[in-house]
Each structure stands twice: as structure tokens, then as C-alpha cells.
Amino acid sequence: MYVKMKGPSFRGLTFMLAVAFLVWSFSSEGCHGRATGKHWRQNREALPALSSKKGKTHNHGGAHKGNHHGGASKTKPPSRKMPKPDVSRSPPPQKGSRSSMFNVLDFGARGDGKTDDTKAFQDTWTATCKVTASTFIVPSKYVFLVGPISFSGPYCQPNIVFQLDGKIIAPTDFKVWGRGLFQWLQFTKLMGLTIQGNGIIDGRGSVWWQVSSFDDTIDHEFKLLIPLNSSVQEKPPAPARSELVGKMPRIKPTVSDIELVSLFVKHPLTRLCSFVVQALRFYGSFNVTVTGITIQNSPQCHLKFDNCIGVLVHDFSVSSPSDSPNTDGIHLQNSKDVLIHNTTLSCGDDCISIQTGCSNVYVHNINCGPGHGISIGSLGKDNTKACVSNITVRDVIMHNTMNGVRIKTWQGGLGVVQGVLFSNIQVSEVKIPIVIDQFYCDKEKCSNQTSAVALSGINYERIRGTYTVKPVHFACSDNLPCTDISLTAIDLKPLQELYHLYGAFCWQTFGELRTPTVPPIDCLQIGKPSTNKIQNDFDSCGV
């Protein structure tokens with residue numbers, strides 16, 4: 001018998017649809033909550049507080065612990081700021097990753113200013129050297145006693161950062177230095193190295209200065225100073241002596257490696273340790289940057305670049321007493337494509353010294369003083385060849401310096417200096433603002449020689465301020481006069497102090513006065529000399 005089935009009522013159908021909708025909504029919200037939690041983790045995966053493992057967090061250096069649930073509730077970002085990580089030690093690397101931060105404290109450095117941390121620095125460098133774009137960390141609030149050390153390539157990875165925020169001090173016991181060490185902190189054969197930070201490199205050079213002999217070296221321009229009362233010593237007084245930690249080796253002006261080899265051939269018994277100790281030296285490196293740091297009280301030269309290509313120095317400072325002997329601020333040798341700017345240099349010798357083999361050097365926005373000014377040279381010592389070209393020095397303030405801008409060469413040298421511009425130099429109480437000295441001699445007496453380094457295309461413009469001895473001193477070679485020397489907008493006024501005042505001096509100097517000068521520099525010979533041998537020197541330098 002056929003029986004007709006009764007279909008579901010409208011009310012029942014409505015109830016079933018409502019239940020299905022609620023189930024679907026609950027499932028959708030749960031998925032959304034998981035997705036949001038995952039998105040938050042992705043946004044913070046760069047922070048050390050979180051690991052890459054999904055659904056689990058780790059706490060490094062006091063980082064915030066977040067709760068991540070895979071259920072219905074959404075993950076919310078923390079309401080407070082993340083605490084600043086402790087920079088004194090680098091965070092431990094995550095499992096399976098390779099750290100690029102190497103802190104000297106993690107390699108055993110004590111940083112108490114007494115313990116020798118040289119080995120810890122060497123071990124830190126060994127690890128740093130293996131990782132591209134890694135960071136060598138010298139943390140703030142620590143003082144590290146470090147002996148002579150070489151941070152060497154050439155097999156180090158490029159673009160290493162040496163982050164110096166603490167203080168590095170040199171040993172004062174001469175036994176630490178031994179023989180054959182000409183620098184303290186040396187970086188060799190590296191690419192893309194940057195030294196940066198707010199830290200200090202302290203050479204503690206007073207123990208060296210106290211035993212250095214003024215019998216060996218004398219700045220030639222001291223001979224031009226005639227005291228008013230004839231009571232000032234012919235040689236600058238030595239710094240006050242004190243009790244020393246042993247007897248420090250004697251020091252002499254910086255020399256090149258080639259000059260050292262030549263010297264040892266002639267004098268095999270010469271002690272290697274009798275030569276210069278430089279605070280920070282770069283050798284054979286490419287694209288080097290130094291910024292932010294301070295070097296103070298170096299035994300001699302503070303910062304040296306030798307055989308480097310691509311050098312950048314900015315927001316950097318040097319600080320040493322005015323009577324510290326031979327303490328050049330920045331020393332360039334055989335280096336090309338150099339930019340130095342926004343730097344303050346106070347020392348006992350040249351603020352910047354540009355030596356043989358340098359080209360494409362641009363120096364601007366420099367504060368120099370005390371010191372001996374900015375110099376090209378000395379060049380051509382011991383009959384050597386010197387080649388310097390395309391040098392620009394501009395926007396410089398000099399106060400209480402021995403010289404302003406100077407070129408100095410030895411008799412008997414070879415080669416050429418050409419394409420030089422000194423522009424917008426403000427001098428204050430500078431003894432001799434403009435100097436060319438082709439009879440340079442750092443001894444009591446030097447023998448006369450006929451050959452000389454040729455000088456041509458030297459331009460001086462907008463050099464203004466006060467001098468205390470002589471406005472201009474041009475002393476060029478008898479056999480090879482200076483040519484193409486130009487003077488523009490020179491305005492120098494005398495200021496009587498301790499020494500007799502003199503007018504401008506020129507010898508065998510040819511060129512042009514492009515504007516009237518104050519005082520008049522009538523001694524400059526207009527035009528060119530009747531005989532000129534400079535072309536041979538140009539050819540020898542490949543110009």
C-alpha cells in the first residue's frame with residue numbers, strides 16, 4: 001500500500017541552514033587566526049627574539065616572548081617596545097646559521113686596560129676574515145691593551161666592518177715591540193674594509209717622544225725663524241722627560257719599505273727597531289674607509305695608507321701635542337683615488353702628508369692645527385724618483401701651524417709634481433702660509449746637488465688670513481726652476497709675535513699673478529724660464 005511521506009517543515013529547514021552557517025563561520029575564523037599569527041612571525045623574523053621554527057619562540061637578550069596559538073584567537077603584536085639589545089656582546093647565532101658578528105669579548109678579551117688582549121683580537125679577526133660583510137666588534141665601555149698586530153688578507157672575504165666603539169691602547173714596554181716592527185695596528189691586502197665607530201686608538205706615545213733625538217731630524221722651515229730677542233733656541237725644545245718603562249728604541253721619520261731595503265744593504269748592522277712606529281697602517285688594500293674614530297698620541301704617524309687604491313676618510317680626528325715629534329696626522333704614500341674630508345687634525349708634524357706615488361687626491365673641509373700644515377713631500381730623498389699628480393686641497397682652516405700649504409723636495413731627486421690646486425685656505429697665526437722648498441734638509445747640513453724633482457702647474461687661490469714670519473717662500477731649484485705657478489686672490493696680513501717679519505721670497509720661480517696680491521708678490525717671474533728640462537721628468541713618471 002502506497003503511503004505518502006510528509007516532508008520537513010519550513011521551520012526545521014531554516015534551523016538546519018543556520019547550524020550549517022555557524023559551523024562554516026567558525027572554521028573560517030580559525031584559519032584566519034592562524035594566517036595572522038604566521039604573518040606576524042614573518043614580519044619579525046629578522047629579530048633575534050624569534051626563531052624561524054613555526055609556533056615556537058626563543059628569548060635572546062631579554063626580547064619579548066609572544067604567545068602564538070594555532071587556534072581561534074588572533075596573535076596580537078606586543079603593546080610595548082622591544083628592549084634594546086646588549087651591544088657589549090654579540091647575540092649567539094641561531095642553529096643552522098652562520099654568524100656575521102664577531103665580538104672580541106666572545107674570544108677571550110678582558111677589556112680591563114691591563115690584560116694583554118692581542119691574542120683575543122687575533123682570534124676574532126681569524127673568524128671575521130672568513131665571512132663576507134662580517135663585523136669585528138670592539139665594544140664600548142672597555143679598554144683593550146693590544147700589542148703589534150696584523151689584520152691580514154689576501155684571502156679574507158671582502159667588505160668587513162671593524163666596529164670600534166671602545167678604546168684600544170698600545171703597550172709602553174719596549175720589549176713588546178721587538179725588532180722589525182714599524183706599525184702597531186696594520187691592515188694588509190683587504191678589499192672593502194671599513195673602520196667605523198666612536199672609539200679611540202691611543203698610542204700612548206709620550207714614552208717614545210721623550211727619548212727621541214732632535215739631533216737626527218729638524219723641520220727645515222725652523223731655520224727660517226729668527227726670534228725678535230734671539231733667545232729662542234735654534235732647535236725646538238724636547239718634551240719633558242720622566243721615568244720610563246725600560247729604554248724605548250729611538251725613532252726616526254717614516255720610511256718606505258724600499259728605502260729600508262736600501263738602508264740595510266748599505267748598513268747591515270742597523271737595528272730595525274730604530275724606525276718609526278705608526279698607529280694605524282693600511283697596506284695594499286682597495287676601497288678602504290675610516291670614519292668616526294679618533295687616533296691620539298701615536299708614537300709617530302697616526303694614520304698611514306701605503307699602496308692603496310680607493311681611500312675614504314671622513315669625520316675622523318687626530319689629537320697629539322704640538323711638540324710631539326714626527327706625529328703626522330694622515331700620511332699617504334703610493335696611493336690613488338683618495339678622498340679626505342670633514343676631519344680635524346691636531347699633531348706635532350704635517351696634518352696631512354702626501355708622498356711619492358700619489359695621484360687623484362682630493363682633500364676638503366679640514367681643520368688643521370696645531371701642526372706643520374698640509375704638505376706634499378718630502379720627495380726625492382737619497383736621489384729617488386717621486387711622481388705626484390692631480391692633488392686638490394681646498395676649504396681648509398689652519399690655526400697656529402708652522403706652515404700652511406707646502407711642497408718640499410730634496411736636492412738630487414728625480415720625477416715630477418704637477419697638477420696641484422690649493423684653494424680657499426683660511427690661515428690664522430700661521431708662520432709661513434705658502435711654501436715651496438726644493439732645498440729641504442732635515443739635518444744641520446746637506447750637500448748641494450744639481451738634479452731635482454720638477455714642479456709645474458701649482459695653483460694657489462683664495463689663501464687668506466694672518467702670518468707671523470713670511471707670507472710666501474718659494475725656493476726652487478737652480479737647474480730646474482718651478483714653472484706654471486699661479487697666484488689668485490692671495491690676501492695675507494702680518495701679525496707680529498715672536499719672530500722677525502719678512503716679505504715674500506722667490507727664487508727661480510716662474511708663473512703668473514692672476515690677480516693683485518696682498519702683500520705684493522713681485523718676486524714671482526712672469527712667464528717661463530729660458531731653458532726648461534721638465535719634459536724629461538714628465539716622461540720618467542709616465543705623464
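Counting from 1, the numbers follow the sequence of the chain as shown. Computation of the quantities below employed the complete heavy-atom set of this structure, encompassing side-chain atoms and omitting hydrogens, waters and symmetry-equivalent molecules. No experiment lies behind these values; they were computed from the predicted model shown.
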For this session: Count the heavy atoms belonging to other residues, nucleotides or ligands that lie under 6.0 Å from CZ of R110, then report whether that count exceeds 12.
Result: no

For this session: Would you check if the side chain of T401 reaches a backbone N or O of M398 as a donor-acceptor pair within less than 3.5 Å?
Result: no

Problem set entry | Modelled atom types, side-chain donor and acceptor of Q196 and Q163, under 3.5 Å | yes

Problem set entry | Gap between atom CG of L501 and atom NZ of K431 - 0.5 Å precision | 12.0 Å

Problem set entry | Backbone N/O of G377 and side chain of S375: donor-acceptor pair under 3.5 Å | no

Problem set entry | Partners passing side-chain contact (heavy atoms from CB on, under 4.5 Å) against N424 (at least two apart in sequence or in another chain) | D395, R462

For this session: Sequence neighbours left out, what pairs pass ring-ring contact (aromatic ring centres under 6.0 Å, His included) with at least one residue falling in residues 393-421?
Result: W410-Y440

For this session: Show your reasoning for whether side-chain contact (heavy atoms from CB on, under 4.5 Å) applies to K304 and Q333.
Result: CA-CA 8 Å; K304 181 176 181 179; Q333 185 170 315; 3.8 Å; yes

Problem set entry | Straight-line distance of L303 CG to L345 CG, nearest 0.5 Å | 9.0 Å

Problem set entry | Donor-acceptor pair, side chain of S335 and main chain of C308, under 3.5 angstrom | yes

Exercise. Are D382 and T384 linked by a side-chain donor-acceptor pair shorter than 3.5 Å?
Worked result: no

Exercise. So, for Y460 and F474, is the gap between ring centers shorter than 6.0 Å?
Worked result: yes

For this session: Please confirm whether the backbone N or O of T124 pairs with a side-chain atom of T126, one donor and one acceptor, at under 3.5 Å?
Result: no

Problem set entry | Under 3.5 Å: donor-acceptor pair, side chain of R204, backbone of A170 | yes

Problem set entry | Listed partners of T356 passing side-chain contact (heavy atoms from CB on, under 4.5 Å), at least two apart | N334, L379, A386

For this session: Using only heavy-atom distances, determine whether the side chains of S320 and H302 contain a donor-acceptor pair under 3.5 Å.
Result: yes

Counting only pairs under 3.5 Å, give me each side-chain donor-acceptor contact of residues 146-160, with atom names and distances, residues two or more places apart or in other chains.
unit_1 : atom_1 : unit_2 : atom_2 : d
S150   : OG     : S152   : OG     : 2.6
S152   : OG     : T188   : OG1    : 3.3
Q157   : OE1    : T132   : OG1    : 3.1

For this session: Check the pair V313 / F305 against side-chain contact (heavy atoms from CB on, under 4.5 Å), numbers first and verdict last.
Result: CA-CA 11 Å; V313 179; F305 297 93; 3.7 Å; yes

Exercise. Passes salt bridge (charged side-chain N to carboxylate O under 4.0 Å, His left out), K119 versus D117? Steps please.
Worked result: CA-CA 6 Å; K119 185 180 185 304; D117 289 324; over 6 Å; no

Exercise. Is the side chain of S298 donor-acceptor paired with the backbone N or O of Q296 at a distance under 3.5 Å, no angle test?
Worked result: no

Problem set entry | Expected output: side-chain N383 to main-chain G412 donor-acceptor under 3.5 Å | yes

For this session: Scan for salt bridge (Lys or Arg N to Asp or Glu O under 4.0 Å) pairs involving residues 357-378, sequence neighbours excluded, and state none if there are none.
Result: none

For this session: Return yes if some donor-acceptor pair links the side-chain N/O of D165 with the main-chain N/O of N198 below 3.5 Å, else return no.
Result: yes

Seminar exercise, completed: Scanning both residues in full, the closest heavy-atom pair of G373 with C368 reads CA-SG, 3.9 Å

For this session: Just jot down the side chain to side chain donor-acceptor pair (under 3.5 Å) partners of E429, sequence neighbours excluded, or say none.
Result: none

For this session: Scan residues 287-303 for pairs that pass salt bridge (Lys or Arg N to Asp or Glu O under 4.0 Å), counting only residues two or more places apart or in two chains.
Result: none

For this session: For the pair I366 and I340, evaluate side-chain contact (heavy atoms from CB on, under 4.5 Å) and give the outcome as yes or no after the intermediate values.
Result: CA-CA 8 Å; I366 304 295; I340 303 172; 4.0 Å; yes

Problem set entry | Results of disulfide bond (SG atoms under 2.5 Å apart) for C347 - residues two or more places apart only | none

For this session: Tell me, with the steps shown, if F187 and Y283 meet ring pair (Phe, Tyr, Trp, His ring centres under 6.0 Å).
Result: CA-CA 6 Å; F187 292 82; Y283 178 80; over 10 Å; no

Exercise. When rounded to the nearest 0.5 angstrom, what distance separates CG in D202 from CG in L145?
Worked result: 11.0 Å

Problem set entry | Plane angle bin for F136 and F162 - parallel if under 30°, tilted between 30 and 60°, otherwise perpendicular | parallel

For this session: Please report the C-alpha distance between Y362 and H364 in whole Å, then the side-chain angles of each, then the deciding distance to 0.1 Å, and finally whether the ring pair (Phe, Tyr, Trp, His ring centres under 6.0 Å) criterion is met.
Result: CA-CA 7 Å; Y362 185 29; H364 70 93; 5.0 Å; yes

Seminar exercise, completed: Applying side chain to side chain donor-acceptor pair (under 3.5 Å) to E461 and not counting sequence neighbours gives S423

Exercise. What distance do Q496 atom CD and Y467 atom OH have between them, rounded to the nearest 0.5 Å?
Worked result: 10.0 Å

For this session: Check side-chain contact (heavy atoms from CB on, under 4.5 Å) between S353 and all other residues, then give those that pass, not counting sequence neighbours.
Result: D328, H331, D350, Q355

Problem set entry | Residue pairs involving residues 415-425 (criterion salt bridge (Lys or Arg N to Asp or Glu O under 4.0 Å); sequence neighbours excluded) | none

Exercise. Atom CG of N103 and atom CD1 of I137: how far apart are they, to the nearest 0.5 Å?
Worked result: 5.0 Å

Problem set entry | Residues in side-chain contact (heavy atoms from CB on, under 4.5 Å) contact with K336, at least two apart in sequence or another chain | S359

Exercise. Do N342 and N365 meet the criterion of a side-chain donor-acceptor pair at a distance under 3.5 Å?
Worked result: no

For this session: For D112 and T115, test the side chains for any donor-to-acceptor distance below 3.5 angstrom and give the result as yes or no.
Result: yes

